[in-house]
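In what follows, a structure is listed as structure tokens, so that the remarks can point back to it.
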Amino acid sequence: MPELPEVETYARYFARHALQQRIARVRVLDERILGEQRKAAFTRGLTGKSFTRVRRHGKHLFADAGDVWLHLHFGMSGDLAYYRDEPPRFARVIFDFDNGAHLAFEDMRLFGVAELTRDPDVYILEHRLGPDPLDPNFRLANFRALLAGRRGAVKSLLMSQDVIAGIGNLYADETLFQTGIHPRRAADRLTPDEVKSVHRTMRTILKSVIERDGWPPHFLTAHREEGERCPQCGGTIARAVVFGRTTYFCKRHQR
DNA sequence: TTCCATGTTCCGCA
DNA sequence: TTGCGGAACATGGA
């Protein structure tokens with residue numbers, strides 16, 4: 001269930017459990033999760049090393065293993081599990097640590113990737129990832145600059161990882177719901193106040209889900225169904241497709 | 001059986 | 001150049 005807040009939660013989980021332990025063995029249970037990388041290179045690159053710290057940018061997680069970093073992308077169904085006994089059903093890669101515990105990268109649908117990369121900053125540049133919205137340096141002025149001259153639907157822009165890294169379908173809908181903006185509105189037709197509101201609200205939403213580790217009941221996300229009552233104004237929740245994704249919004253208060 | 005899914009990429013077309 | 005729609009990827013859950 002991985003958009004930015006979920007990946008942040010995974011990063012904290014990784015850091016809490018899997019740092020400073022020697023990796024005795026790397027097991028690749030399904031090579032399709034490795035993307036372009038070859039299994040032997042992946043395994044050799046991490047065996048005998050230790051993860052020393054983790055970093056997150058948008059939906060991407062990086063773990064420092066000394067001369068190389070592990071890069072994880074969670075696709076639609078990726079997750080982490082630190083365990084001692086039973087591996088999770090859809091484990092694709094398992095790190096066996098010297099202490100007898102294991103870290104599994106699981107991903108039922110296999111849209112995720114586990115691979116090695118030399119340097120997260122280079123990865124971010126090469127893959128043209130935009131700024132992380134929770135980076136303290138991501139200020140309103142940066143956001144205004146990113147939106148300038150973009151004519152597409154505001155939801156498309158929020159979800160474009162080269163504009164901002166980390167917002168997916170649910171958080172885009174939630175942000176627009178809470179700012180009262182219709183998902184198809186052209187980005188360059190937002191008023192300055194609306195841009196300011198999107199910037200602030202988006203960050204607040206991301207942080208609040210991280211802090212409480214779940215969705216508050218008055219958020220749209222708890223009511224993603226056509227015909228539902230809007231938890232904010234009592235209007236009707238509508239369903240549409242925007243940027244190729246199922247989109248829910250309130251017909252009454254999102255304009 | 002059918003539809004849907006918190007993601008990304010690639011292709012064709014306007 | 002920009003932006004959008006559609007398809008593909010793989011798999012299970014309702």
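Here the structure is a predicted model, which means the values were calculated and not measured. Each chain gets a letter, A, B and so on, in the order the sequences are listed, and its residues count up from 1.
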Are the ring of Phe111(A) and the base ring of dC9(C) both nearer than 5.5 Å at their centres and tilted by less than 30°? yes
Presence of Lys59(A) side-chain N/O under 4.0 Å of dG7(B) phosphate oxygens OP1/OP2: yes
Take atom NE2 of His71(A) and atom P of dG7(B), then tell me their distance rounded to the nearest Å. 15 Å
Under a 4.0 Å threshold between the charged nitrogen and the carboxylate oxygen, would Arg55(A) count as salt-bridged to Asp64(A)? no
Between dC3(B) and dG6(C), how many Å separate the two P atoms, rounded to a whole number? 16 Å
So, does the side chain of Arg32(A) form a donor-acceptor pair with the base of dA10(C) at under 3.5 Å? no
Please tell me if Arg109(A) has a side-chain N or O lying less than 4.0 Å from either OP1 or OP2 of dG13(C). no
Would you classify Thr221(A) as touching base, sugar-phosphate or nothing, given that sugar-phosphate means primed atoms plus P, OP1 and OP2, and contacts are heavy atoms under 4.0 Å? nothing
Which is true for Arg184(A) with a 4.0 Å heavy-atom rule: it touches a base, it touches only sugar-phosphate, or it touches nothing? nothing
Can you list the steps and then say if Phe111(A) with His73(A) is a ring-ring contact (aromatic ring centres under 6.0 Å, His included)? CA-CA 8 Å; Phe111(A) 289 170; His73(A) 189 280; over 10 Å; no
For the pair Phe51(A) and Phe97(A), name the ring-plane relationship: parallel under 30°, tilted 30 to 60°, perpendicular over 60°. perpendicular
Is Phe90(A) touching bases, backbone alone, or none of the nucleic acid, heavy atoms closer than 4.0 Å? sugar-phosphate
Establish, with yes or no, whether the OP1 or OP2 oxygen of dG7(B) is under 4.0 angstrom from a side-chain nitrogen or oxygen of His73(A). no
Within a radius of less than 6.0 Å around CZ of Arg16(A), do more than 12 heavy atoms belonging to other residues, nucleotides or ligands occur? yes
Salt-bridge test for Arg56(A) and Asp132(A): reply yes if a basic N is under 4.0 Å from a carboxylate O, no otherwise. yes
What's the CG-P distance between Asp30(A) and dG12(C), to the nearest Å? 11 Å
What is the distance from CD of Glu106(A) to C1' of dT11(C), rounded to the nearest Å? 14 Å
Whole Å only: how far is the CD1 atom of Ile167(A) from the C1' atom of dG7(B)? 14 Å
For a quick test of reading the model: is some side-chain N or O of Arg89(A) closer than 4.0 Å to OP1 or OP2 of dG13(C)? yes
If only side-chain N and O atoms of Ser156(A) are considered, is one of them under 4.0 Å from the OP1 or OP2 phosphate oxygen of dG3(C)? no
Phe243(A) CZ to dG6(C) C1', straight-line distance once rounded to whole Å: 13 Å
Under 4.0 angstrom, heavy atoms only, what part of the nucleic acid is Gly244(A) near: base, sugar-phosphate, or nothing? nothing
Separation of dC9(C) C1' from Glu31(A) CD (nearest whole Å): 18 Å
Which part of the nucleic acid, if any, lies within contact of Arg150(A), taking any heavy atom under 4.0 Å across all strands shown: a base, the sugar-phosphate backbone alone, or nothing? sugar-phosphate
Given dG7(B), dG12(C), dG3(C), which nucleotide is nearest the side-chain atoms of Arg151(A)? dG3(C)
